[in-house]
Amino acid sequence: MFSAGFGRRLSSLAIASRGFASKRGAAPHPNSVPLQKAISILKAYEVGQPKQTVELHVHCSPEKGQAPIRGSCILPRAYKSGTRVLVFAEGEKAKEALEAGADLVGGEDLVNKVRDGEVRFDKCLSTPDMLPKVAKIARLLGPKGLMPTVNKGTVSADVAELVRFAKNAQDFLADKAGIVHTGVAKIGFSEAEIKDNISVVMTSIRAHAKENRGRFIGRIYLSSTRGPGIQIADL
C-alpha cells in the first residue's frame, strides 16, 4: 500500500521519535505543520495523480504487555475498492453472504480450496458453526492474519453485516515499534474529505489508549505515494 521510499523519507524523523515516546510532555517538532497545510503540500507533489494514496503514520506508546494496536473503522468516504471477501458458511447463511456482496462463499469444499491455494482473498469471515472445519486450516490462515475469530469480530451468525463491514472497513495495525501505518484517502479527495477520514482513523487508534496514563499518541506524519513525510502539529 505504501510507497517504497517512505521509509527512507521518514527514517531520520523516525529515529528522533523513538525518544519522544518516552518524553510524554515533549514539544512538537519545530518543522511540524497544521494538517490543512500538510494536505496542500502533498496535493502539490501529486498534481495530475488523483489516485495516489494519502498515508497516515502514527507513533503510539502502548503500555508494557498491552495487546497489539489493531482495529477497523468505516471511513466517511472509502478510498479502496476490489476487496475480496471470503465467507465460510452453508445453507441460508451462505445465501445471505452472497446477497451482501461476498466474493467467495462455501463450506468444507471452500476450506479445501483455501488449503490447496486455489483461491485469492483479502478478508476471511465465518459463521460459528463452520469454525470446527475452518480450524483445519488455522495454521495457514493464522500467520497471514486471516483466521476468523470472535475476538476480531470476523465470526458471527449475522453474516450479512460482517460482509458489509468487511467490504467497507479500513483496517490498521501497528508494527513492532508501535507505529500505525495506514492509508486514509486518495489525494484527489477534497481537503474536507481527507480530514474527515483522518479524524475517524485517529478516533479508532485513540480508543486503544488506557485511562489514567501519560501520552499515548506521539508524533503523527502524513505522506503520499510520491510526497514527503510531513509531521502534523494539530492532531
Side-chain angles (χ1 to χ4, degrees), residues 1-7 49-57 68-75 77-176 180-189 197 201 204 224-226:
M1 178 189 297
F2 307 113
S3 55
F6 178 79
Q49 301 291 330
K51 294 185 179 181
Q52 302 287 41
T53 301
V54 178
E55 305 157 5
L56 187 68
H57 309 267
I69 301 168
R70 66 189 306 162
S72 300
C73 55
I74 298 296
L75 300 178
R77 180 177 177 184
Y79 77 95
K80 294 192 300 183
S81 61
T83 300
R84 288 178 62 80
V85 176
L86 178 149
V87 180
F88 293 111
E90 295 178 317
E92 190 64 28
K93 293 300 179 180
K95 181 180 178 181
E96 292 176 12
L98 285 170
E99 290 177 348
D103 300 280
L104 299 162
V105 181
E108 191 164 7
D109 59 329
L110 186 56
V111 171
N112 294 334
K113 288 181 179 180
V114 172
R115 180 198 62 200
D116 297 337
E118 297 179 13
V119 293
R120 181 185 66 80
F121 54 97
D122 304 302
K123 297 185 179 182
C124 184
L125 312 172
S126 178
T127 53
D129 61 295
M130 281 296 303
L131 278 182
K133 295 179 180 178
V134 178
K136 298 176 183 178
I137 53 173
R139 291 186 178 181
L140 176 65
L141 297 176
K144 300 177 182 178
L146 293 172
M147 181 63 190
T149 68
V150 174
N151 288 342
K152 289 198 300 184
T154 49
V155 175
S156 174
D158 189 355
V159 69
E161 182 62 25
L162 280 186
V163 172
R164 284 191 287 268
F165 188 87
K167 279 285 188 178
N168 296 291
Q170 174 64 22
D171 301 326
F172 60 85
L173 172 66
D175 62 18
K176 292 181 179 179
V180 174
H181 307 276
T182 183
V184 291
K186 292 297 183 183
I187 200 69
F189 287 10
N197 279 5
V201 173
S204 295
S224 64
T225 305
R226 299 187 305 175

| query | Side-chain contact, heavy-atom cut-off 4.5 Å: V54 with F189? | reply | no

| Rounded to the nearest 0.5 Å, how far does CG of L110 lie from CE of M130? | 7.5 Å

| Contact check, side chains of Q170 and N197, non-hydrogen atoms, under 4.5 Å | no

| task | Under the salt bridge (charged side-chain N to carboxylate O under 4.0 Å, His left out) rule, what do D103 and K123 come out as? Steps first, then yes or no, please. | result | CA-CA 10 Å; D103 300 280; K123 297 185 179 182; over 6 Å; no

| query | Is a side-chain N or O of S126 found less than 3.5 angstrom from the main chain of V155, in a donor-acceptor match? | reply | no

| task | Without swapping roles, check the side chain of K167 against the backbone of T83 for a donor-acceptor pair under 3.5 Å. | result | yes

| task | Any chance you could measure T182, atom OG1, to H57, atom NE2, to the nearest 0.5 Å? | result | 9.0 Å

| task | List the atom of T154, the atom of C124, and the distance in Å for their closest heavy-atom pair. | result | CB-O, 3.8 Å

| Expected output: side-chain S156 to main-chain D158 donor-acceptor under 3.5 Å | yes

Do any side-chain atoms of residues 131-149 form donor-acceptor pairs under 3.5 angstrom with protein atoms, and if so which ones, sequence neighbours left out?
from: K136; atom 1: NZ; to: E108; atom 2: OE2; distance (Å): 3.2
from: T149; atom 1: OG1; to: K152; atom 2: N; distance (Å): 3.2

| request: Could you please spell out the steps behind the side-chain contact (heavy atoms from CB on, under 4.5 Å) verdict for Y79 and V184? | output: CA-CA 7 Å; Y79 77 95; V184 291; 5.6 Å; no

| query | So how far is it from L104 CG to E118 CD, rounded to the nearest 0.5 Å? | reply | 11.5 Å

| message | I'd like to know whether T127 forms a side-chain hydrogen bond (donor to acceptor under 3.5 Å, both in side chains) with D129, so could you lay out the CA-CA distance, the side-chain angles of the two residues, the decisive distance to 0.1 Å, and finally the verdict. | response | CA-CA 6 Å; T127 53; D129 61 295; 2.9 Å; yes

| Heavy-atom pair of closest approach, residues D175 and H181 | OD2-NE2, 2.9 Å

| task | Please check if the side chain of D171 supplies one atom and the backbone of S72 the other of a donor-acceptor pair under 3.5 Å. | result | no

| query | Going by heavy atoms in the side chains, are V201 and C73 under 4.5 Å from each other? | reply | yes

| task | Starting from the C-alpha separation in whole Å, work towards a yes-or-no answer on side-chain contact (heavy atoms from CB on, under 4.5 Å) for K186 and T53. | result | CA-CA 5 Å; K186 292 297 183 183; T53 301; 3.2 Å; yes

| request: Please report the C-alpha distance between N112 and R115 in whole Å, then the side-chain angles of each, then the deciding distance to 0.1 Å, and finally whether the side-chain contact (heavy atoms from CB on, under 4.5 Å) criterion is met. | output: CA-CA 5 Å; N112 294 334; R115 180 198 62 200; 3.3 Å; yes

| Test item: V163 and L125 side chains (from C-beta on) under 4.5 Å apart, heavy atoms | yes

